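Keep in mind the model is a prediction, meaning the values are calculated, not measured. Computed from heavy atoms alone, side chains included, the values below leave out hydrogens, waters and symmetry copies.
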Amino acid sequence: MRQPVYYRILFIVAVALVTFLSVDRPVKAEAGPVISISIKGEINAGQAALVHKAMTDARSKQAQAVLVEIDTFGGLVDAAVSIRDMIINSPVPTICYVKNRAWSAGALIAISHKHIAMAPGGSIGAAEPIPTTEKTVAALKAEFAATANKTGRNPRVAEAMVDKSLGFPGYAEPGQILALTDYQAAQIGFADIVAPNREAVLANFGLAGTEVLEYTPGWQEKLVGWLSDPAIKSFLMSIIFLAVLTEIKTAGLGVAALIGLVAALLFFGSQWITGIAGWLEIILFIGGIALILFELYTPGAGIFGISGIIAIFASLFLTLGANAVAINMLAISLVVAIGLFLVLVKRLPTSKLWSRLILKDAETKSAGFSSSQDYSQYLGKMGITPTGLRPAGALIIDGVQLDVVSEGQFIEPNTLVKVVNITGNRIVVRPVKS
């Protein structure tokens with residue numbers, strides 16, 4: 001029996017509807033937030049830690065952009081370089097809003113962003129390093145130029161912010177350091193817009209109405225900033241060195257190890273949070289400690305202990321930046337640690353490893369040792385020269401052959417001579433007249 005046409009149409013529509021409903025379609029994801037970071041005051045490791053945390057969250061929260069609001073006269077170059085690296089390598093688009101000023105190290109952070117907005121009355125630049133030496137100027141100028149080139153800005157402008165000998169036509173004469181106002185930065189393409197507030201900045205980049213998550217320094221970042229102070233870092237390294245020396249001397253009593261472990265956690269923890277210390281530095285340090293422990297509890301010639309000390313030095317050197325400043329800080333910390341150790345050394349027990357590394361037995365005169373043989377017993381005695389003295393030769397006294405010298409004259413063999421002077425190992429003789 002032949003089915004009516006509308007049955008066929010209904011069947012086709014039903015099959016099409018089932019097919020359409022069974023197809024998996026992507027669910028439209030909600031737009032991510034804007035991460036806002038406030039960098040205000042002196043730039044230090046604490047602010048680097050804040051940026052590191054915010055950048056990590058920006059990726060995990062699938063943020064649409066990172067907005068960094070800057071108001072700073074500058075600060076530590078190493079912290080600024082660390083922040084610069086995090087921003088310039090961020091997969092999330094970045095926007096800098098210079099609220100009042102971005103001077104010195106702050107200018108480096110600002111130009112590392114893809115976009116820059118300036119507040120009315122704001123300024124950027126004035127990045128001449130202190131101390132102003134040829135080396136520091138050349139290094140920072142290269143950093144500024146490379147950053148500007150990476151973000152599509154004029155490297156010559158960035159260089160003039162660091163090196164006052166360059167100048168920039170129309171904005172700074174040679175001999176003047178370059179600093180740009182809000183409208184000047186917009187004129188030469190260093191700023192995208194001049195905006196009165198954050199809302200205007202977000203609206204300009206198509207982010208009006210987007211949720212904004214604020215990141216401001218908390219106690220953790222303030223603690224990291226304090227721990228990253230050069231004086232505090234040197235103190236922590238001195239404690240680490242002192243703990244290692246004490247453990248080698250005492251063969252692991254545990255107290256020094258615990259104190260050293262706390263110092264190491266504070267040192268590497270603060271640098272890890274800022275993104276300065278990586279896995280390589282931490283692995284080197286842990287490996288060095290493991291080698292020293294292996295040396296303490298196994299027989300050896302000290303090779304594992306020495307290798308462990310070298311590994312610890314290498315980890316600290318890399319964490320401090322692997323430069324001349326790092327060498328100076330390591331040297332100062334080591335001198336302080338050795339000084340404290342010498343004060344404690346007589347009060348500490350001695351381990352087998354310490355005995356292998358340090359010569360503890362001395363050949364003293366009271367123990368029967370002498371740096372030279374005592375020939376004083378032969379003074380005034382006479383003997384025969386079996387050989388000629390020219391002026392040195394041999395002398396036999398009481399059956400003992402001695403090496404002697406004359407007073408300068410030649411003495412024939414088989415001559416009777418007398419010992420007239422003895423100085424250390426030098427025996428002087430004179431012929432005896434018949």
For residues 326-335, which side-chain N or O atoms pair as donor and acceptor with protein atoms under 3.5 Å away, sequence neighbours left out?
unit_1: N328; atom_1: ND2; unit_2: A324; atom_2: O; d: 3.4
unit_1: S333; atom_1: OG; unit_2: S234; atom_2: O; d: 3.1
unit_1: S333; atom_1: OG; unit_2: M329; atom_2: O; d: 2.8

Point to revise | R156 side chain to F168 backbone, donor-acceptor under 3.5 Å | key: no
Check your understanding: Is it the case that more than 12 heavy atoms not belonging to E214 sit under 6.0 Å from its CD atom?
Key -> yes
Review point. In this structure, are over 12 heavy atoms from other groups packed under 6.0 Å from L342 atom CG?
Key: yes
Point to revise | Crowding at OH, Y375 (>12 non-hydrogen neighbours, <6.0 Å) | key: yes
Review point. So, the side chain of D71 versus the backbone of K99: is there a donor-acceptor pair under 3.5 Å, distance only?
Key: no
Exercise for review: Give the C-alpha distance, both sets of side-chain angles, the deciding distance and a yes or no for side-chain hydrogen bond (donor to acceptor under 3.5 Å, both in side chains) between Y171 and Q187.
Suggested key: CA-CA 11 Å; Y171 297 91; Q187 282 177 351; 3.1 Å; yes
Exercise for review: Indicate yes or no for a side-chain donor-acceptor contact from Y97 to the backbone of N197 under 3.5 Å, with no hydrogens or angles considered.
Suggested key: yes
Exercise for review: Taking the side chain as every heavy atom from C-beta outward, state whether L50 and I37 have any pair of such atoms under 4.5 Å apart.
Suggested key: yes
Review point. Does F267 have its ring centroid less than 6.0 Å away from the ring centroid of F285?
Key: no
Check your understanding: Sequence neighbours excluded, which residues qualify as side-chain hydrogen bond (donor to acceptor under 3.5 Å, both in side chains) partners of E128?
Key -> none
**Study point:** Student check: side-chain heavy atoms of V262 and I259 closer than 4.5 Å
**Key:** no
Practice item. May I ask you to decide if G41's main-chain N or O and T72's side chain share a donor-acceptor pair within less than 3.5 Å? Key: yes
Check your understanding: Counting N and O atoms only, with roles assigned by atom type, does the side chain of T133 sit under 3.5 Å from a partner on the main chain of T136, one being a donor and the other an acceptor?
Key -> yes
Study note, to complete from the structure: Residues pairing under salt bridge (charged side-chain N to carboxylate O under 4.0 Å, His left out) where one sits in residues 306-321, two or more places apart or in two chains, turn out to be none
Study note, to complete from the structure: With sequence neighbours left out, the residues meeting side-chain hydrogen bond (donor to acceptor under 3.5 Å, both in side chains) with T210 are none
Exercise for review: Please answer whether the main-chain N or O of N44 pairs with a side-chain N or O of Q47 as donor and acceptor at a distance below 3.5 Å.
Suggested key: no
Revision key, fill the gap. N154 meets the side-chain hydrogen bond (donor to acceptor under 3.5 Å, both in side chains) criterion, sequence neighbours left out, with none
Point to revise | Side chain proximity check, V92 to Q64, heavy atoms < 4.5 angstrom | key: no
Exercise for review: Kindly indicate whether the side chain of V429, heavy atoms from C-beta on, has any atom under 4.5 Å from the side chain of L389.
Suggested key: yes
Practice item. Would you check if V201 and L67 make a side-chain contact, meaning some heavy-atom pair closer than 4.5 Å? Key: yes
Point to revise | Main-chain N/O of A145 paired with N149 side-chain donor or acceptor, under 3.5 Å | key: no
Exercise for review: Mark yes or no for whether S165, through its side chain, and G175, through its backbone, hold a donor-acceptor pair below 3.5 Å.
Suggested key: no
Exercise for review: Quick one: pull up CZ in R59 and OG in S90 and give me the separation to the nearest 0.5 Å.
Suggested key: 6.5 Å
Exercise for review: Report the residues that fulfil salt bridge (Lys or Arg N to Asp or Glu O under 4.0 Å) with K114, sequence neighbours left out, ordered by chain and then residue number.
Suggested key: none
Review point. So does R84 pair up with E143, basic N to acidic O under 4.0 Å?
Key: yes
**Study point:** Under 3.5 Å donor-acceptor, E211 side chain and P33 backbone
**Key:** no
Review point. Got more than 12 heavy atoms from elsewhere within 6.0 Å of CD, E134?
Key: no
